[in-house]
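Encoded as structure tokens, the structure appears first; notes follow it.
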Amino acid sequence: MNGIWNEQQQAIRAHYLAVGRDLVRPTSALRDRELGFDRELWRALGATGLFGVHMPARFGGQGLGIWEFSAALEGFSEGCQDMGVLVSFVAQVALVQSALLSYGSEEQLQRWLPPLISGEKIGCFAITEQGCGSDVRSLKLAARRDGSGYRLNGLKWNITNAPVADICMTFARLEEAGANAISCFITETAKPGLTQSAPFELMGNRGTPIGSLSFDEVALDADSLINGEGQGLRVLYFGFLVERIFTGVVISGCMQPLIDECLQYSLKRQAFGRPISDNQYVQGHIVQAYTQLELLRGVVIRGLNELEQGRDCSTLASIIKMLASEALHDACLNAMRIHGNYGYRRDHYYERLLRDSIGLFFAGGTSEIHKHVIWTNLVAEAQSGGKHKDDLRLDAYTGEGAAA
Ligand SMILES: Cc1cc2nc3c(=O)[nH]c(=O)nc-3n(C[C@H](O)[C@H](O)[C@H](O)COP(=O)(O)OP(=O)(O)OC[C@H]3O[C@@H](n4cnc5c(N)ncnc54)[C@H](O)[C@@H]3O)c2cc1C
């Protein structure tokens, strides 16, 4: 999003671009081939301060705001071009850390945030089950009161970081809480009765460890409950909101070098005695990707503004997530077309990025569900005279809150 960053943010962006390029990118293909998550790399990234750019200094963060974090994230994404690491990163930082910061008690923040921010521990955010994905309200993982605490039983499925996570934020149905039974719990994964699967064998995002978590009479203390009994959906939707906007930042970082490289290749590659860029069909592939990227940047900037103002911008967040995942997929496919047989080779990174981009159709909600969210919000706004809902706790993102 060149042109919007001030001097400090440009320096942050450049710093994390170098971190992504030098620390992550050289080993991306290896992690993809070998289903590899590298804990040492995670720790090294933690040591750069990346997980805590916008987290309060008293928990080990840098105490900066969301624009500085976005500059860092965009630079890091551009430098690493590694959706494996980026999906893991977004799951921890945008989902777990953000939701915790906004809805956790001071004691919970002090206990859980510092090891996540330092990179010593890995977090996951577990909603999906075998019987429920898009329809999050139908989740079945069962919680029941047990003395002063709770017991959890059931299975979470297809969760980013689950095979390697030390800390899990999970959503369960606590029937005793009444109609709004969905409640949010945070726990270490090293607990009797809690089992982590091996990474699932997936088509893409293979550098991201994705798997299941099985809960068998897992005992949690009262302080594991986040935001009160039956108040889990707020935490969940808040996490979604932040995740969708930051996914837009990640993808705008990934797309720019792809477009630059396609442009250069098309100017050099000859066919029929002239550069392939002389053909409008080829130009069209690049123009389409660039246009989508510019549109994406525009809505991401609006989304970040809304977040900073503390507004519930779920319509915008859905537009961002849908546009971002579709734009990345289209751009990767077009990059492969431009590169012909070279793009189709396993040793070329477009092949990996294309497989990864398909995973982004599902992670953070499908495009169909985003259309559904946009439609539902449009109708609600029309019926309420177009008023913003201001009921999400976004104060942690307004700069001062982050620095506290
Ligand atoms: C890479 C990756 C990472 C993930 N990480 C996590 C994670 O960290 N935590 C987590 O909890 N989950 C995670 N997931 C799971 C993800 O959130 C779900 O896959 C997603 O919500 C869709 O659910 P589903 O796969 O069960 O599909 P379903 O809900 O079964 O949907 C199947 C199809 O029906 C369509 N559909 C369903 N309902 C409607 C409707 N009302 N209107 C229109 N179309 C509809 C969907 O769009 C989809 O095309 C991850 C998935 C992937 C691929």
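Starting from 1, each residue takes its place in the sequence as its number. This structure is a prediction, so every number in the text was calculated from the model and none was measured. Numbering of ligands and ligand atoms starts at 1, following listing order.
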Steps toward side-chain hydrogen bond (donor to acceptor under 3.5 Å, both in side chains) verdict (Q231, S183):
CA-CA 6 Å; Q231 298 300 315; S183 306; over 6 Å; no
Below 4.5 Å, heavy atoms only, C-beta onward: do I338 and I276 meet side chain to side chain?
yes
Less than 4.0 Å between a side-chain N and a carboxylate O, is that true for R206 and E34?
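No.
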Quick one: do R25 and E78 make a salt bridge, cutoff under 4.0 Å?
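Salt bridge absent between R25 and E78.
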What does the contact table look like for ligand 1 (nitrogen or oxygen on each side, cut-off under 3.5 Å)?
from	atom 1	to	atom 2	distance (Å)
ligand 1	5 (N)	T160	OG1	2.8
ligand 1	8 (O)	T160	N	3.1
ligand 1	8 (O)	T160	OG1	3.4
ligand 1	9 (N)	F125	O	2.9
ligand 1	11 (O)	I127	N	2.8
ligand 1	11 (O)	T128	N	2.8
ligand 1	11 (O)	T128	OG1	3.1
ligand 1	12 (N)	T128	OG1	2.6
ligand 1	14 (N)	N158	O	3.3
ligand 1	23 (O)	S134	N	3.3
ligand 1	29 (O)	S134	N	2.9
ligand 1	29 (O)	S134	OG	2.6
ligand 1	47 (O)	T366	OG1	2.6
ligand 1	47 (O)	E368	OE1	3.0

Within 45 degrees of the ring normal and closer than 6.0 Å to the centroid, is that where the cationic atom of R39 sits relative to F37?
no
Looking at every heavy atom in both V96 and G123, which two are closest together, and how far apart are they?
CG2-C, 4.0 Å
